[in-house]
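Let me begin by presenting the structure, written as structure tokens, before commenting on it.
Note that the numbering runs from 1 along the sequence shown for the chain. From a predicted model like this one, the values you see are computed outputs, not experimental measurements. Read the numbers this way: they start at 1 and go in the same order the structure lists the ligands and their atoms.
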Amino acid sequence: MKIIWQLFGVHISFVAIIVTLLLAWLVWPRKYPQTRKRLLRSSGIILLGSILLGLNTYWPREYDKNYLDQDLPAEIETTSLKDLADARDFYIGVALTPNPAHHSLIAKEFNSVTAENHLKPGRLLVDAANWKFDFSKADELLTFAEANGMRMRGHTLIWGKFPGMTFPKQWIEQINGASDKKQTMEALIKRYIETVMGHFKGRIPAWDVVNEPMAGKGLYPSIFSNSMGEEYIDFSFHVAREVDPDCSLFLNEQIQDYDGPQGTAFLALLKRLVERGVPIDGVGLQSHHINRIHDTDALERYIRSIGQLGLKVEITELDVRLRLFGNEKDPYQAQGDQFKKIVEVCLNDPACSGVTLWGLTDRNNWMDSVPPFKWKSPNAPNMFDEDMNRKPAYLGIWNALNEATSN
Ligand code: XIL
């Protein structure tokens, strides 16, 4: 069954056309046999096309790992990414999942970490009806970060996309049953931010206060925006500022196309927030490369525009799906070049203070669990491969930092 879905998955419109043609064939009067034959033939051709396209999309690929035969500069053994970034006063970070096998490498290579999942509402708020929190895992990660001189970014307070993970389902019932939805939502947001930020106050210097507010050009229709409109963003930032006035407050978003309608709409949103005096300090550009290779010139212009609004920028969730470079001669090298360019763009703009990689090794990467990408292997979006070899992505980042440090 799964294979059927894989074949048809994204080609749902083909299925619709085939079904329509077959239905037409079924009901078409029998006195027109030629037309009926044509309907049947067309649906057969489209079915075949769809299967071929599906096979091409989902057939696993393998690319040569030329990097395994290349010599690496000797200095990378003695000078880590963290050493280079420290010298530039720049953050180089990674999404942290509890895996003791990687902890010493993380402590060596990074000066910043983001809990991949353990600071999300779905993990912290274990019993939403009774406002019971479990901070133990997040505390552990933070203690590890502090013990190794790494900053921890807080990710994330308010996020409305996947009920359960990003906010408890009970909140939906509570909001639906409330006579004043706005007031009830404000109370929930306030209590949540006060509890969570309050718990980590003084130890987490930067928080993503709101994550992924957009859907295309508009606001994502979450319980937050449905009950408060855009104001839920303002409100969350005001509460956050009150709870921890020394913390840098970020709005974090995945921009698909910096020059496109979503990118433009997000800039306009930032402008409105600044004009309304919302206490926002910075913008997190997630930079997941899932569907497309981001245009780094457009990214450069985008960061400049955000800087002109008086806001800081960080690249907060960088990863690059290998298969996007499937047509290149050396896909691993092309992937590495893209990592390098993104880091360079950030290093070149004084508003941009750091880059966080969303994952360490290709062995555990979140894209392998997200449909339909989990069926389009290899995703391999990180800088160490499954065997912990440094990929060209590592060297690309290392070179970008090294060049910036020696300039
Ligand atoms: C992802 C994690 O990496 C996965 O482990 C989890 O199952 C789903 O969330 N944008 C974000 C991140 O802001 O929090 C998401 O992290 C990736 C997309």
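Between W171 and F167, the angle of the ring planes stays under 30°, which puts this pair in the parallel group of the 30/60° scheme. Using the six-membered ring where Trp is involved, W131 and Y192 have ring planes that are tilted, between 30° and 60° apart. Ring geometry for H294 against H289 counts as parallel: the plane angle stays under 30°, on a 0 to 90° scale with 60° as the upper cut. Between Y58 and W375, the angle of the ring planes goes over 60°, which puts this pair in the perpendicular group of the 30/60° scheme. Note: Y302 and F266 have parallel aromatic rings, judged against thresholds of 30 and 60 degrees for the angle between ring planes.
Of all atoms in ligand 1, numbered sequentially from 1 with element shown, those under 4.0 Å from a heavy atom of Q286 are 10 (N), 11 (C), 13 (O). Numbered from 1 in the order shown, with element, the atoms of ligand 1 that lie under 4.0 Å from a heavy atom of E212 read 10 (N), 11 (C), 13 (O), 18 (C). Of all atoms in ligand 1, listed by their number and element, those nearer than 4.0 Å to a heavy atom of W159 are 14 (O).
In terms of polar-atom proximity, defined here as any N/O pair under 3.5 Å, H155 does make such a contact with ligand 1.
Under the 4.0 angstrom criterion for non-hydrogen atoms, H288 is in contact with ligand 1. Put simply, no part of F162 is less than 4.0 Å from ligand 1, judged by heavy atoms.
In summary, R241 and D281 engage in a salt bridge, as defined by a charged side-chain N under 4.0 Å from a carboxylate O.
The protein atom (non-hydrogen) at minimum distance from atom 6 (C) of ligand 1 is N117 OD1, 3.4 Å. The protein heavy-atom contact nearest to atom 11 (C) of ligand 1 is E317 OE1, 3.0 Å. Looking at atom 8 (C) of ligand 1, its nearest protein heavy atom turns out to be M165 CE, 3.7 Å.
Taking 4.5 Å as the limit, every side-chain heavy atom of M197 sits out of range of all side-chain heavy atoms of K201.
Nearest-heavy-atom check against atom 15 (C) of ligand 1 across E116, K120, M367 picks out K120.
In this structure, the ring of F339 has its center no less than 6.0 angstrom from the ring center of Y394.
For N211, every heavy-atom contact with ligand 1 shorter than 4.0 Å involves the side chain, none the backbone.
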